[in-house]
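Heads up: numbering here begins at 1 and tracks the sequence.
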Amino acid sequence: MVLTRIGLAGLAVMGQNLALNIADKGFPISVYNRTTSKVDETVERAKREGNLPVYGFHDPAAFINSIQKPRVVIMLVKAGAPVDQTIQTLSAYMEKGDCIIDGGNEWYENTERREKAMTERGLLYLGMGVSGGEEGARHGPSLMPGGSFEAYKYIEDILLKVAAQVPDSGPCVTYIGKGGSGNFVKMVHNGIEYGDMQLIAEAYDVLKSVGKLSNDELQQVFSEWNKGELLSFLIEITADIFGIKDDKGDGYLVDKVLDKTGMKGTGKWTVQQAADLSVAAPTIAASLDSRFLSGLKEERVEAAKVFRAGGFSDILGNQSVDKAKLIDDVRQALYASKICSYAQGMNLIRAKSTEKGWGLKLGELARIWKGGCIIRAIFLDRIKQAYDRNSDLANLLVDPEFAKEILDRQAAWRRVVCLAINSGVSTPGMSTSLAYFDSYRRERLPANLVQAQRDYFGAHTYERVDMPGSFHTEWFKIAQQSKM
């Protein structure tokens with residue numbers, strides 16, 4: 001047979017769909033999976049979907065030898081040990097100049113370790129974030145490749161066609177940077193996604209619990225929101241969810257879904273990295289904490305009984321609200337909170353880029369997230385423009401346009417948070433976003449007191465606002481003397 005252009009190993013949902021996407025764009029592709037039935041299933045699907053040029057292999061040596069040189073193989077296997085095992089299996093048959101691309105959600109330091117090991121063997125290596133779920137993988141994802149630039153140039157023509165296409169800004173792929181930068185950017189993308197989903201869930205909770213909107217009304221509201229500034233994939237699918245009836249009983253399916261959120265770890269990594277880099281990311285952290293709390297379903301059921309028995313009255317029904325006004329306020333609060341969430345993610349990427357010398361371009365990242373990926377939104381246009389205006393922008397909040405938008409919405413934002421608190425509805429994402437804004441915009445914070453406390457009990461010293469230098473005061477002695 002004629003040699004194929006590229007290979008793909010790992011044919012679970014994402015791998016299978018990405019392989020068919022590559023074939024669909026006219027690139028013959030070899031596929032391999034340890035479980036051979038997946039190989040046969042993929043080849044069958046390729047036939048059904050238009051006789052696509054997908055060639056299946058059950059043997060790793062035959063798989064590698066079926067690809068034209070220099071060979072390029074994309075892996076889409078579970079992060080961690082399975083990646084190392086797959087590399088070991090496939091690289092045994094590869095030659096100098098061949099290239100391996102990891103398309104999974106891998107920890108960026110693992111990618112850097114593997115790139116170093118592969119370089120020593122004369123092989124090229126890329127860590128490539130792939131976002132968009134199964135639909136994105138099949139019809140056009142957002143791709144974030146980082147590592148060997150030479151390897152990127154091998155397959156740039158494929159990636160440019162396979163990625164999501166946005167009419168005014170091109171394919172949703174760019175060479176991210178060196179080392180594990182592609183994986184790091186995808187990790188933060190997922191952290192922003194956590195924040196986005198949490199904020200949308202809170203908007204839903206306030207509208208449903210306080211505003212008493214029905215699922216039909218919620219579907220209308222979110223559909224309407226998806227025509228304006230909140231236009232995005234997540235708002236669109238949320239509107240769809242509210243319209244789906246339960247096929248196993250009465251009512252709507254969303255009301256039957258257990259309120260317990262799963263996670264795969266990238267949001268946790270994002271929060272850990274924010275802490276390591278001393279970058280405030282409270283909205284993303286609040287979304288992670290909310291997932292942890294959602295997991296305590298049994299405890300929450302018992303706690304509800306305890307507080308009801310202890311006299312805690314349900315105050316949700318006691319708020320008298322103007323529905324139309326509430327809907328508009330929640331829309332504004334959601335938008336303002338989103339600005340804070342994205343600002344935190346961008347600051348985290350910039351901090352890591354500075355630490356590692358990656359030279360990442362934040363505006364370009366906003367561009368490649370405009371299509372294909374889970375956080376794709378019209379809002380990203382605004383972010384790209386902000387960084388185009390000022391590539392050294394300290395924070396999205398101080399971009400003149402975003403600053404004006406937050407100021408225009410802050411009254412509605414505060415009303416929603418106050419209403420939620422007074423109604424006993426938790427809005428950790430919106431509340432911490434507002435606290436982030438309120439802290440960032442203040443010239444002076446109460447941190448002077450915290451620093452004085454640190455010096456009091458630990459002699460950590462402090463600086464002064466009126467003269468340079470480092471100071472220590474014998475606070476305890478002075479306090480004791482004054483009490484005599």
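Remark: K38 engages no residue in a side chain to side chain donor-acceptor pair (under 3.5 Å) (not counting sequence neighbours).
Residue pairs meeting the side chain to side chain donor-acceptor pair (under 3.5 Å) criterion with at least one member in residues 297-306, sequence neighbours excluded: D259-K297, D259-R300, E302-K305.
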Inset, instruction - For I327 and L207, run side-chain contact (heavy atoms from CB on, under 4.5 Å): C-alpha distance rounded to whole Å, both residues' side-chain angles, the deciding distance at 0.1 Å, then the answer. - result: CA-CA 7 Å; I327 290 165; L207 292 175; 3.9 Å; yes
Legend entry - side-chain contact (heavy atoms from CB on, under 4.5 Å) evaluation trace for F149 with K178: CA-CA 7 Å; F149 183 67; K178 295 177 187 169; over 6 Å; no
Legend entry - Residue pair E41, Q16: steps toward the side chain to side chain donor-acceptor pair (under 3.5 Å) verdict: CA-CA 9 Å; E41 184 187 302; Q16 196 172 111; 3.1 Å; yes
Legend entry - salt bridge (charged side-chain N to carboxylate O under 4.0 Å, His left out) evaluation trace for R331 with E224: CA-CA 10 Å; R331 174 185 60 77; E224 198 56 40; over 6 Å; no
Inset, instruction - Start with the C-alpha gap between Y387 and K361, add the side-chain angles, then the distance that decides, and say whether side chain to side chain donor-acceptor pair (under 3.5 Å) holds. - result: CA-CA 9 Å; Y387 287 113; K361 296 178 176 65; over 6 Å; no
Inset, instruction - Show the numbers, then the answer: is there a side-chain contact (heavy atoms from CB on, under 4.5 Å) between V416 and T427? - result: CA-CA 9 Å; V416 170; T427 52; 5.6 Å; no
Inset, instruction - Might you work through the side chain to side chain donor-acceptor pair (under 3.5 Å) test for S169 and K370, ending with a clear yes or no? - result: CA-CA 9 Å; S169 61; K370 280 169 61 180; 3.1 Å; yes
Inset, instruction - Evaluate side-chain contact (heavy atoms from CB on, under 4.5 Å) for V83 paired with N110, printing each intermediate quantity in order. - result: CA-CA 10 Å; V83 175; N110 285 344; over 6 Å; no
Legend entry - K356 vs E112, salt bridge (charged side-chain N to carboxylate O under 4.0 Å, His left out): CA-CA, chis, key distance, verdict: CA-CA 12 Å; K356 301 285 286 184; E112 297 193 331; 3.0 Å; yes
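S209 places no side-chain N or O within donor-acceptor distance of the main-chain N or O of V206, the cut-off being under 3.5 Å. Checked by atom type and distance alone, the side chain of S232 pairs as donor or acceptor with a backbone atom of L230 at under 3.5 Å. N17 contributes no side-chain N or O that, together with a main-chain N or O of A137, makes up a donor-acceptor pair within less than 3.5 Å. In terms of modelled atom types and a separation under 3.5 Å, the side chain of R367 and the main chain of P171 share a donor-acceptor contact. The backbone N or O of S433 sits nowhere less than 3.5 Å from a side-chain atom of S337 that would complete a donor-acceptor pair. For the pair D246 (side chain) and L253 (backbone), a donor-acceptor distance under 3.5 Å is absent. Proximity of a side-chain donor or acceptor of Q165 to a complementary backbone N or O of G170 within less than 3.5 Å is not detected. Looking at R350, its side chain does come within 3.5 Å of a backbone N or O of L393 through a donor-acceptor pair. Looking at T432, its side chain never comes within 3.5 Å of a backbone N or O of A286 through a donor-acceptor pair. The closest donor-acceptor contact from the side chain of S131 to the backbone of I374 lies under 3.5 Å.
Annotation: side chain of P145 is in contact with side chain of V173 (closest heavy-atom distance under 4.5 Å). Using a 4.5 Å heavy-atom cutoff, the side chains of V254 and F242 are in contact. No side-chain heavy atom of F471 sits less than 4.5 Å from a side-chain heavy atom of T461. For the pair L380/Y342, a side-chain contact is recorded, criterion being any heavy-atom separation below 4.5 Å from C-beta on. Between Q273 and W269, every side-chain heavy-atom pair lies at or beyond the 4.5 Å cut-off. With a 4.5 Å cut-off on side-chain heavy atoms, L126 and D102 do not count as touching. Side-chain contact between I158 and K25: absent, with no pair of heavy atoms (C-beta onward) separated by less than 4.5 Å. Residues I406 and F437 meet the side-chain proximity criterion, which asks for heavy atoms closer than 4.5 Å.
A salt bridge is defined here as a Lys NZ or Arg NE, NH1 or NH2 lying under 4.0 Å from an Asp or Glu carboxylate O, and D388 with K384 meets this definition. Using a 4.0 Å cut-off between charged nitrogen and carboxylate oxygen, E217 and K323 count as a salt-bridge pair. Taking a cutoff of 4.0 Å between a charged side-chain nitrogen and a carboxylate oxygen, E106 and K186 do not qualify as a salt bridge. Residues E405 and R382 are paired through a salt bridge, judged by an N-O separation under 4.0 Å between the basic side chain and the carboxylate. Salt bridge status for D438 with R441: present, with a side-chain N to carboxylate O gap under 4.0 Å. Here R376 does not pair with E193 in a salt bridge; the nearest charged N to carboxylate O distance is not below 4.0 Å. Salt bridge absent: R138 and E135 never bring a charged side-chain N and a carboxylate O closer than 4.0 Å. Electrostatic pairing of R114 and E109 does not count as a salt bridge here, judged by no charged N lying under 4.0 Å from a carboxylate O. Under the 4.0 Å criterion applied to side-chain N and carboxylate O atoms, E401 and K404 are not assigned as salt-bridge partners. Under the 4.0 Å criterion applied to side-chain N and carboxylate O atoms, K325 and D329 are assigned as salt-bridge partners.
Residue F379 forms a ring-ring contact (aromatic ring centres under 6.0 Å, His included) with just one option from F402, W225, F233, and that option is F402.
Looking at Q332 and Q410, their side chains never bring a donor and an acceptor atom within 3.5 Å of each other. No hydrogens or angles considered: a donor-acceptor pair under 3.5 Å links the side chains of N215 and D255. Inspection of the Y436 and N395 side chains reveals an N or O donor paired with an N or O acceptor under 3.5 Å. No side-chain donor from either of N448 and R464 sits under 3.5 Å from a side-chain acceptor of the other. For the residue pair N183 and T111, a side-chain donor N or O sits within less than 3.5 Å of a side-chain acceptor on the partner.
How far OG of S353 is from CG of L362: 7.5 Å, rounded to the nearest 0.5 Å. We find the CE-CG distance between M144 and L365 to be 8.5 Å, quoted to the nearest 0.5 Å. Note that NE2 of H139 is 8.0 Å distant from CG of D24, once rounded to the nearest 0.5 Å. Atom CD1 of I375 is separated from atom OG of S142 by 8.0 Å, given to the nearest 0.5 angstrom. Taken from CD1 in I176 to CZ in F184, the straight-line distance is 12.5 Å, to the nearest 0.5 Å. The distance from the CG atom of L334 to the CG atom of D196 is 7.5 Å, given to the nearest 0.5 Å.
Of all non-hydrogen atoms in A23 and V54, the two that sit nearest each other are CB-CG2, 3.6 Å.
A cation-pi contact, defined as under 6.0 Å to the ring centre and within 45° of the axis, links R291 to Y194.
Using a 30° and 60° split on the angle between ring planes, H460 and F457 fall in the perpendicular class, above 60°. Ring planes of Y152 and Y175: tilted class, angle from 30 to 60°.
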